[in-house]
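This structure is a prediction, so every number in the text was calculated from the model and none was measured. Chain letters run A, B, ... following the sequence lines, proteins first and then strands; every chain starts at 1.
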Amino acid sequence: MSSSPDPFAFLAGPPEQLAPELLGAVLRHGPVAVRLTEVEAYGGSHDPGSHAYRGPTRRNASMYADAGTLYCYLSHGIHVCANVVVGPVGEPGALLLRAGRVVTGSDAVEQRRPGVVEGSWARGPGNLGRSLGLGLEHDGTDLRTGPVRLELPSTSSVAAHPVTWTSGPRVGLRSASDRPWRFMTVDDPSVSAYRRHPKADGRDR
DNA sequence: TAAAAGATCGACT
DNA sequence: GTCGATCTTTTAA
């Protein structure tokens, strides 16, 4: 009785393994809900592309919290990017939420993204954060009980959305740019285009 | 259609 | 002081 299965329990697994399971899930903040269409996996101390590669810092502290915690960080001083903390306790891992499709709250999103077509509202991690109205104040909050909720197929009928997905190299990384840890829904306009880092390692010279 | 560069500012070394 | 898990616009083929 008291021990009902925790729908978030699977988040304790390896990031690159459970990442596809978040495709089709729904992230909700207030009136706005977004169905995830693109996710990237980041490991801990063995992933050169991860914020946690060089150990804990002020910014990535949330990555060391329990799985199911929201990790928000500021990119280039202006973009708020959202991650779902995953992996076993003590092993920092995260899933960068790169893109999604707005399912509710279109009115609010339309005002936040003037002049942008519907399919591109949450195209790219920065845009997804802006569409949902996320801020650094949400960093470290619990995705089950906090202001920002993650709805899984097992917890929400809306999130029960089967998808066809594929994988490829992560976007914009300078190191470990060849790991196919980017997972994206097939045939969805909200999936961002792949762009390799200008100075990515292991090429030319 | 694809590639390049600028904006912009906090975090890290 | 340097560099980004980015976004947008501009320029070139």
(message) Going by ring pair (Phe, Tyr, Trp, His ring centres under 6.0 Å), name the pairs with one or both residues in residues 164-192 of chain A, residues two or more places apart or in two chains.
(response) A:W165-A:F183

(request) Sequence neighbours left out, what pairs pass ring pair (Phe, Tyr, Trp, His ring centres under 6.0 Å) with at least one residue falling in residues 126-146 of chain A? (result) A:H29-A:H138

Side chain to side chain contact (heavy atoms under 4.5 Å, CB included) partners for [X], two or more places apart:
{"X": "A:Q17", "answer": "A:P14"}
{"X": "A:R54", "answer": "none"}
{"X": "A:R182", "answer": "A:E38, A:E40, A:R98, A:R170, A:V171, A:M184, A:V191, A:S192, A:Y194"}
{"X": "A:D142", "answer": "A:R144, A:T145"}

(request) Using atom types as modelled and distance alone, determine if a side-chain donor or acceptor of A:S156 lies under 3.5 Å from a backbone N or O of A:P153. (result) no

(request) Mark yes or no for whether A:R174, through its side chain, and A:G49, through its backbone, hold a donor-acceptor pair below 3.5 Å. (result) no

[atom1] of [X] versus [atom2] of [N]: gap in Å, rounded?
{"X": "A:R98", "N": "C:dT6", "atom1": "CZ", "atom2": "C1'", "value": "8 Å"}
{"X": "A:R174", "N": "C:dT6", "atom1": "CZ", "atom2": "P", "value": "14 Å"}
{"X": "A:H197", "N": "C:dC7", "atom1": "NE2", "atom2": "P", "value": "14 Å"}

(message) Pairing donors with acceptors under 3.5 angstrom, does anything connect the side chains of A:T69 and A:S62?
(response) no

(message) Looking at every heavy atom in both A:V86 and A:A67, which two are closest together, and how far apart are they?
(response) CA-CB, 4.0 Å

(message) Ignoring hydrogens, what is the shortest heavy-atom contact between A:S131 and A:V109? Give both atom names and the distance.
(response) O-CG2, 3.8 Å

(request) Within residues 60-90 of chain A, find the residues that approach DNA chain B with a heavy atom at under 4.0 Å, and present them sorted by residue number. (result) A:L74, A:H76, A:G77

(message) Counting only heavy atoms and a strict 4.0 angstrom limit, can you tell me which residues of residues 19-55 of chain A come near DNA chain B?
(response) A:R54

(message) Walk along nucleotides 8-13 of chain C from 5' to 3' and tag each nucleotide B, S or - by protein heavy-atom contact under 4.0 Å, base first, then sugar-phosphate.
(response) B-----

(message) Of all nucleotides in DNA chain B that come within under 4.0 Å of a heavy atom of chain A, which is furthest toward the 5' end and which toward the 3' end?
(response) B:dA5 to B:dT13

(message) Show, in sequence, the C-alpha distance, side-chain angles and deciding distance for A:N127 and A:W121, and conclude whether the side-chain contact (heavy atoms from CB on, under 4.5 Å) test is met.
(response) CA-CA 7 Å; A:N127 291 331; A:W121 278 344; over 6 Å; no

(request) Please find out if less than 6.0 Å separates the ring center of A:Y71 from that of A:Y73. (result) yes

(message) For residues 7-31 of chain A, which residue pairs pass the salt bridge (Lys or Arg N to Asp or Glu O under 4.0 Å) check, not counting sequence neighbours?
(response) A:R28-A:E151

(message) Please tell me if A:R59 has a side-chain N or O lying less than 4.0 Å from either OP1 or OP2 of C:dG4.
(response) no

(message) Could you spell out the base pairing of DNA chain C as a dot-bracket line? Use Watson-Crick and G-U wobble contacts where both distances are under 3.5 Å, [ ] for crossing pairs, | for partners on a different strand.
(response) ||||.|||||||.

(message) Tell me whether the count of non-hydrogen atoms from other residues, nucleotides or ligands lying under 6.0 Å of CD in A:E137 goes above 12.
(response) yes

